[in-house]
Each structure stands twice: as structure tokens, then as C-alpha cells.
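What follows is a set of notes on a single structure, which appears directly below.
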Amino acid sequence: MKDEPLIIAIDGPSGSGKSSTSRGVARKLGLAYLDTGAMYRAAAWLVAERTLDDPAAVIDAIATTPMDIALDPAAFAISVDGTDVTEAIREPRISASVSKVSTIQAVRDILIARQRELIAGADGGIVVEGRDITTVVAPDAQVRVLLVADPAARIARRQAELGGRADHAQVTDQVIRRDADDSTVAAFTEAAPGVTVVDSTHLTLDQVIDRICGMAPVDR
Ligand SMILES: Nc1ncnc2c1ncn2[C@@H]1O[C@H](COP(=O)(O)OP(=O)(O)OP(=O)(O)O)[C@@H](O)[C@H]1O
Ligand SMILES: Nc1ccn([C@H]2C[C@H](O)[C@@H](COP(=O)(O)O)O2)c(=O)n1
């Protein structure tokens, strides 16, 4: 409906360009921005910080520890129990461990509920990126996109982004192995009905941003 805030949902595998694209679309359209992967990473950071192993303890910690998020595409930030973890959650140790946390369904239920609260509170509209946004978190979003790219392109992009901080084997693990783990709890390898596939393999970031902005209803 025209007077409903615009929600743009973007899913895709690791390294497909979700975060860069989502931030760019949010900035171009004046929308808030939610990186749901950052929430799973922040949960993994908490688990690592408290050296939690037992799933019940992991679930309880995530359920009871405050997680605050700034939905600004120009300055997205996330904190856990008052600690800003925006940078820390991008460390290779978190990338290597996050799937252990994100594949616990009770953790997903907690974070999905919070994601829906944040979306409902974004009165000016929002771009939300992740793996299950178009299918579980916001299946009624006005714009739903599955952003894909060839595995080789995704590995090359992630390696370029990480520079010398990770070797090819580590980056391949982060991209390919993690996608395999992630796809056990979220269906992001095939587009659900009504979801538009955008293949960024041979598109520049700006071309992808423009293509998705062009999907927004014109009478916004
Ligand atoms: N269309 C594109 N062409 C070339 N490089 C791109 C494109 N889109 C994104 N990139 C670059 O690829 C790298 C990964 O992008 P980004 O972090 O947005 O991917 P992602 O899908 O969010 O990954 P993850 O889910 O693992 O966080 C970044 O350095 C980004 O600048
Ligand atoms: N909605 C989501 C978002 C992310 N995840 C998982 C996928 C990754 O293992 C991890 C971090 O995501 P990234 O920052 O790499 O996009 O969280 C998920 O299961 N559901």
C-alpha cells in the first residue's frame, strides 16, 4: 500500500555485495539500513567473549544481553552490553565462528523478533539485508531481491577486501563453507516466488545499486 513505509529486502550468499549494495540503496533513497548479519556476528562475539559452549547458556546470554543498533547507512553501528563491536565483529575469528551461533534456531527466533521490531519502528522505510529477509523476516517487503554472484567473483572480492588479513584458503572457507552452513537454516540459494534475482558478477556496485533503486515504487 502507498502509505506503508518502504521496505527493501536483500538476501544473498557471502561476498555477493549485499552490505555495500544495501547501504548504497538506503543512502540513495533516504532509508534506514539494517545489516542482520551484523546481529549474528554480534551474538557470536558475545559467545566468544564469555567463552560459552553450552547451547542453553548461549541462548540465554543472547536473549538477556542488550544489543543496540544504529540504523544509519552512513554510520551503521552495533553494540553489545554497552560495548561498541562494530569493528570487532568483522575479525576473521568471528567470521569463522558465526555459523555455529546463527544455525541455532532458538538464537534465530530471538534475533528475528528483534529484526521485525526494528523494521516496524523504521517509519521512514528501511533496507534490510541478510539470508532470510525475503522469505522469513520480511516476506511482505515491497521490494525483495536475491543478490547473487559467481563463487569465484565472491571469493576474489572478499580476498581483495581483506587484503593480507586472510589467505585464499581462509577466504574460500569463509565464503563457500559458511554458505553451506548458512543454507542449512535459510533458503538463499534459490529465489522464492516474487523475489527478483540480481546477478552482480559482471555489474559494478553502482549498477547494482541503480538497478535495485529502480525497483522501488515510483510514488514513494
Ligand atoms: N558489484 C560489485 N562489483 C565488484 N565488487 C563489489 C560489488 N559489490 C560489492 N563489491 C565488493 O565486494 C566486497 C564484499 O561486498 P559486501 O561486503 O557488500 O558483500 P556481502 O554480500 O555483504 O558479504 P557478507 O555477507 O560476507 O558480509 C566489498 O569489498 C565490496 O566493495
Ligand atoms: N539474516 C541472516 C543474516 C546472516 N546470517 C548468518 C550468515 C553468516 O554466517 C553470518 C554473518 O552474516 P554476514 O555478515 O556474512 O552477512 O550470519 C543468517 O543466518 N541470517
Side-chain angles (χ1 to χ4, degrees), residues 9-26 33-45 47 62 69 73 76 78 85-105 107-116 118-119 127-139 141 145-163 165-166 170-189 198-212:
I10 301 178
D11 286 328
S14 181
S16 57
K18 293 183 305 302
S19 299
S20 316
T21 298
S22 300
R23 285 175 188 258
V25 169
Y33 163 69
L34 175 58
D35 175 355
T36 60
M39 296 175 72
Y40 287 98
R41 287 172 177 269
W45 179 90
V47 168
I62 292 165
I69 304 170
F76 178 85
I78 188 166
V85 297
T86 308
E87 298 303 320
I89 63 172
R90 302 295 166 191
E91 292 168 4
R93 69 183 177 103
I94 300 300
S95 295
S97 66
V98 60
S99 294
K100 278 190 229 148
V101 173
S102 66
T103 50
I104 300 173
Q105 189 56 50
V107 168
R108 302 192 70 80
D109 294 344
I110 293 163
L111 295 187
I112 287 169
R114 290 188 190 166
Q115 289 156 17
R116 287 175 173 154
L118 291 165
I119 293 167
V127 180
V128 189
E129 57 129 321
R131 300 297 191 284
D132 59 346
I133 316 306
T134 61
T135 52
V136 176
V137 177
V145 172
L146 178 62
L147 184 58
V148 299
D150 288 352
R154 296 191 283 121
I155 290 167
R157 290 173 183 173
R158 183 50 31 92
Q159 191 144 19
E161 183 183 32
L162 290 172
R165 285 183 292 161
Q170 284 173 311
V171 175
T172 301
D173 173 73
Q174 273 186 37
V175 172
I176 304 302
R177 188 268 307 162
R178 196 149 55 86
D179 282 345
D181 292 346
D182 299 338
S183 59
T184 62
V185 289
F188 60 86
T189 52
V198 175
D199 187 332
S200 71
T201 305
H202 303 295
L203 296 175
T204 66
L205 177 55
D206 285 342
Q207 287 173 323
V208 177
I209 291 169
D210 288 345
R211 183 167 299 190
I212 295 174

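Just so you know, these numbers come straight off a predicted model, no measurement behind them. In what follows, every heavy atom counts, from backbone to side chain, and hydrogens, waters and symmetry copies are set aside. Atoms within a ligand are numbered from 1 in the order they appear, just like the ligands themselves.
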Is the contact between Thr204 and ligand 1 made by the side chain, the backbone, both, or neither, using heavy atoms and a 4.0 Å cut-off?
backbone
Only heavy atoms of Ser16, strictly under 4.0 Å: list the atoms of ligand 1 that pass.
21 (O)
Protein contact of atom 4 (C) of ligand 2 - nearest heavy atom, named by residue and atom, plus distance:
Gly37 CA, 3.5 Å
Would Arg131 count as a contact of ligand 1 if the rule is a heavy atom under 4.0 Å away?
yes
Test item: Arg158 side-chain N/O and Val171 main-chain N/O as donor-acceptor pair under 3.5 Å
no
Option nearest atom 30 (C) of ligand 1 (shortest heavy-atom distance, choices Ser20, Ala156, Ser22)
Ser20
How far is atom 1 (N) of ligand 2 from the closest protein heavy atom, and which atom is that?
Asp132 OD1, 2.8 Å
Note the single closest protein heavy atom to atom 14 (C) of ligand 1, along with its residue, its atom name and the distance in Å.
Arg158 NH2, 3.5 Å
N or O contact, Asp182 vs ligand 2, cut-off under 3.5 Å
yes
Main chain of Glu129, side chain of Lys18: is a donor-acceptor contact present, judged purely on distance under 3.5 Å?
no
Exam field: side chain Asp179 to backbone Ser14, donor-acceptor pair closer than 3.5 Å
yes
Arg131 N/O under 3.5 Å from ligand 2 N/O
yes
Donor-acceptor check, side chain of Thr204 to backbone of Gln207, threshold 3.5 angstrom: yes or no?
yes
Does Gly37 reach ligand 1, in the sense of a heavy atom lying below 4.0 Å from it?
no
Okay, side chain of Asp150, backbone of Ala153: is any donor-acceptor separation there less than 3.5 Å?
no
Which protein non-hydrogen atom lies closest to atom 14 (O) of ligand 2, naming both residue and atom, and how far is it?
Arg41 NE, 2.7 Å
Using heavy-atom distances, let me know which of Arg154, Arg157, Arg90 sits nearest atom 7 (C) of ligand 1.
Arg157
May I ask whether Ser99 has any heavy atom positioned less than 4.0 angstrom from an atom of ligand 2?
yes
Gly17 neighbourhood, listing ligand 1 atoms whose heavy-atom distance to it stays under 4.0 Å
8 (N), 9 (C), 15 (O), 16 (P), 18 (O), 19 (O), 20 (P), 21 (O)
Heavy atom of the protein closest to atom 3 (C) of ligand 2 (residue, atom name, distance):
Thr36 OG1, 3.4 Å
Judged by non-hydrogen atoms, does Arg177 sit under 4.0 Å from ligand 2?
no
In sequence, state the C-alpha distance, the side-chain angles, and the governing distance for Ser97 and Arg41, and then conclude on side-chain hydrogen bond (donor to acceptor under 3.5 Å, both in side chains).
CA-CA 9 Å; Ser97 66; Arg41 287 172 177 269; over 6 Å; no
Within a distance under 4.0 Å of any heavy atom of Pro13, pick out the atoms of ligand 1 and give their elements.
21 (O)
State the atoms of ligand 1, each with its element, that fall below the 4.0 Å cut-off from a heavy-atom position in Leu205.
1 (N), 2 (C), 8 (N)
What is the nearest protein non-hydrogen atom to atom 8 (C) of ligand 2, stated with its residue, atom name and distance?
Arg178 NH1, 3.0 Å
If we ignore hydrogens and angles and just use 3.5 Å, is the side chain of Ser200 paired with the main-chain N or O of Val148 as donor and acceptor?
yes
Check whether any side-chain heavy atom of Ile212 sits under 4.5 Å from a side-chain heavy atom of Ile10, and report yes or no.
yes
Is any side-chain heavy atom of Ile89 less than 4.5 Å from a side-chain heavy atom of Ile78?
yes
Within the 4.0 Å heavy-atom cut-off, what Ala153 brings close to ligand 1 is neither
I need the atoms of ligand 2 closer than 4.0 Å to a non-hydrogen atom of Arg90, numbered in the order shown.
14 (O)
Give yes or no for whether the N/O distance cutoff of 3.5 Å, strictly under, is met between Ser19 and ligand 1.
yes
Contact summary for Val136 and Pro139, nearest pair of heavy atoms:
O-CD, 3.4 Å
So which heavy atom in the protein is nearest atom 20 (N) of ligand 2, and how far is it from that ligand atom?
Arg108 NH2, 3.1 Å
Is it the case that the side chains of Ser99 and Asp182 hold a donor-acceptor pair, with the cut-off being a distance below 3.5 Å and no angle test?
yes
Taking both backbone and side-chain atoms of Tyr40, is any N or O found less than 3.5 Å from an N or O belonging to ligand 2?
no
At what distance is the nearest protein heavy atom to atom 25 (O) of ligand 1, and which residue and atom is it?
Lys18 NZ, 2.6 Å
Under a 4.0 angstrom heavy-atom cut-off, which atoms of ligand 1 come close to Leu203?
1 (N), 2 (C), 3 (N)
Looking only at heavy atoms, the pair that brings Val98 and Ala44 closest together is CA-CB, 3.8 Å
Measure from the side-chain N and O atoms of Asp11 to the backbone N and O of Asp132, and report whether any donor-acceptor pair falls under 3.5 Å.
yes
Does any N/O atom on Gln115 come nearer than 3.5 Å to any N/O atom on ligand 2?
no
Check whether any side-chain N or O of Ser16 sits under 3.5 Å from a backbone N or O of Pro13 as a donor-acceptor pair, and report yes or no.
yes
May I ask you to check whether over 12 heavy atoms, not counting those of Arg211, lie within 6.0 Å of atom CZ?
no
Hey, is the main chain of Ala186 close enough, under 3.5 Å, to the side chain of Arg131 for a donor-acceptor pair?
no
